[in-house]
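Note that this is a predicted model, so its numbers are computed, not measured.
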Amino acid sequence: MIQHRRRAEIVRRLRCSGPMSAAALAGSLGVSASTIRRDLAELSRQGTLTRVHGGAHAEADADVDMPFANVAAIAPEDKDAVAGCALELVNDGDVLLLDIGTTVAHLARRLRGRRVTVLTSSLAVLDELRADECVELLVLGGLVRRTYHSLVGALTEDALRQVRADRAFIGASGVHGDGQVLDSTLVETPIKRAMIAAAGQVVLLADKGKFPGTGALRVCGVDELDVLVTNAGADSATLDTCSAAGVEVMLACD
């Protein structure tokens, strides 16, 4: 079994069966204990599972109780307004990275008919653009995370190291008062960071409900953002912090 398939199978077994020892995984997959230990170390680094003494268990999916469709139904007018404002940043011929956020999916819908290249780990973005012959669409590989219509894991991160985009549009679970961008899901955070590293300009799409929003995982600092697109009504002190750090703040019209 090749490496990425073996690691996907490890995650599947841990989620289905609960904690397992490294020895049990090695025996059931027919590989050496040292190979399994390397796999577990890498999957732990990605945030896909947690190491315990002698083995591992898979992290609970933060979005099981709040899947993509539920999140998308929260303040859709605000999200669409933010997406419409963000569209002003897009030029014909641009190479764009779109992450898995629900507001980013609104932006994808607005990109129909534009002569752009879109690279994404979002199956929701794929659904919005798959039939549009104007948009050149590249889907990043990875493990399908069904609850949030996304692709995650080592394959996705490896693909992002091979590309360079004019700008990345990312979402977040929350924006802290000091401008720190936060997320709530361990497996998505490394993908967002990789998108930031692969883009010439980083644009955060965060409707006013994301101030402060939720999230215990740091995606990036305010110094790594170039543009913040939000609505009037977002916390003014946080917006001032972002502006003072050199971030261009764009407010969507209602």
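Listed by chain and residue number, V95, L97 satisfy the side chain to side chain contact (heavy atoms under 4.5 Å, CB included) test with A165 (two or more places apart in sequence, or in another chain). A search for side chain to side chain donor-acceptor pair (under 3.5 Å) contacts involving D223 returns nothing, not counting sequence neighbours. Residues meeting the side chain to side chain donor-acceptor pair (under 3.5 Å) test with S32, sequence neighbours left out: S34, T35. For R109, the salt bridge (Lys or Arg N to Asp or Glu O under 4.0 Å) test picks out E128, with sequence neighbours left out. Among residues two or more places apart in sequence or in another chain, the side chain to side chain contact (heavy atoms under 4.5 Å, CB included) test is passed with K79 by V71, I74, T102, T103, H106, D207. Residues satisfying the side chain to side chain donor-acceptor pair (under 3.5 Å) test with N91, not counting sequence neighbours, are none. With sequence neighbours excluded, no residue forms a side chain to side chain donor-acceptor pair (under 3.5 Å) with R193. With sequence neighbours excluded, no residue forms a salt bridge (Lys or Arg N to Asp or Glu O under 4.0 Å) with D226.
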Next item on the list: Decide yes or no on side-chain contact (heavy atoms from CB on, under 4.5 Å) for L25 and V31, but give the supporting numbers first.
Entry: CA-CA 8 Å; L25 285 167; V31 296; over 6 Å; no
Next item on the list: Take Q180 and V175, measure what side-chain contact (heavy atoms from CB on, under 4.5 Å) needs, and give me the verdict at the end.
Entry: CA-CA 6 Å; Q180 301 288 309; V175 184; over 6 Å; no
Checklist line | Stepwise side-chain contact (heavy atoms from CB on, under 4.5 Å) test for R145 and I100 | finding: CA-CA 11 Å; R145 185 165 169 263; I100 53 86; 5.5 Å; no
Next item on the list: Kindly indicate, with the supporting measurements, whether the criterion side-chain contact (heavy atoms from CB on, under 4.5 Å) is fulfilled by V222 and L228.
Entry: CA-CA 10 Å; V222 65; L228 166 62; over 6 Å; no
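Formation of a donor-acceptor pair under 3.5 Å by the Q162 side chain with backbone atoms of A159 is not found in this model. T230 contributes a side-chain N or O that, together with a main-chain N or O of A206, makes up a donor-acceptor pair within less than 3.5 Å.
Residue L205 is grouped with residue L111 when hydrophobic side chains (ILVMFWY) are merged at heavy-atom distances under 4.5 angstrom, including chains of intermediate members. Both V181 and V202 are part of a single hydrophobic cluster, where members link through side-chain heavy atoms under 4.5 Å apart. Side-chain heavy atoms closer than 4.5 Å link hydrophobic residues (I, L, V, M, F, W, Y) into clusters, and following such links, even through other members, never connects L123 to V152. A continuous path of ILVMFWY side-chain contacts below 4.5 Å connects V139 to V144, so both sit in one hydrophobic cluster. Transitive grouping of hydrophobic side chains (ILVMFWY, heavy atoms separated by less than 4.5 Å) brings L98 and V116 into a common cluster.
Considering CG of L151 and OG1 of T120, their distance stands at 8.0 Å, rounded to 0.5 Å. Taken to the nearest 0.5 Å, the CG atom of L204 stands 5.5 Å off from the CG atom of L225. Between L87 atom CG and F169 atom CZ the span is 8.0 Å, to the nearest 0.5 Å. For the atom pair CG (L155) and CG (L143), the distance works out to 9.0 Å, reported to the nearest 0.5 Å. Between the CG atom in L107 and the CG atom in L96 there is a gap of 7.5 Å [rounded to 0.5 Å]. With values rounded to the nearest 0.5 angstrom, D132 atom CG is found 7.5 Å from R112 atom CZ.
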Expected list for residues 237-251: side-chain donor-acceptor pairs under 3.5 angstrom, two or more places apart:
from, atom 1, to, atom 2, distance (Å)
T238, OG1, D235, OD2, 2.6
T241, OG1, A237, O, 3.1
S243, OG, L239, O, 3.1

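Heavy-atom contacts from other residues, nucleotides or ligands closer than 6.0 Å to CZ of R218 number more than 12.
Taking a cutoff of 4.0 Å between a charged side-chain nitrogen and a carboxylate oxygen, D39 and R7 qualify as a salt bridge. Of the charged side-chain nitrogens involved, at least one lies within less than 4.0 Å of a carboxylate oxygen, so that D80 and R110 count as a salt-bridged pair. Looking at R13 and E9, a side-chain N of the basic residue comes within less than 4.0 Å of a carboxylate O on the acidic one, giving a salt bridge.
Shortest non-hydrogen contact noted between A81 and C253 is CB-O, 3.7 Å. Of all heavy-atom pairs between M195 and S121, the closest is CE-OG, 3.5 Å. Nearest heavy-atom pair, R114 versus V135, reported as atom, atom and distance to 0.1 Å: O-CG2, 3.5 Å. The minimum heavy-atom distance between V229 and V227, with the atom names listed, is CG2-CG1, 4.0 Å. Here the closest heavy-atom approach between residue S150 and residue E188 is recorded as OG-OE2, 2.5 Å. Between L129 and A108 the shortest heavy-atom distance is CD2-O, 3.2 Å.
Pairs engaging residues 166-184 under the salt bridge (Lys or Arg N to Asp or Glu O under 4.0 Å) rule: D94-R167 [sequence neighbours left out]. Each salt bridge (Lys or Arg N to Asp or Glu O under 4.0 Å) pair with one or both residues in residues 97-108, not counting sequence neighbours, appears once here: D99-K192. Listed by first and then second residue, the salt bridge (Lys or Arg N to Asp or Glu O under 4.0 Å) pairs involving residues 17-28 amount to none (not counting sequence neighbours).
Two residues are said to be in side-chain contact when any heavy atoms from C-beta on lie closer than 4.5 Å; L126 and L137 meet this criterion. Side-chain contact between V219 and L182 is absent, with no heavy atoms from C-beta onward closer than 4.5 Å.
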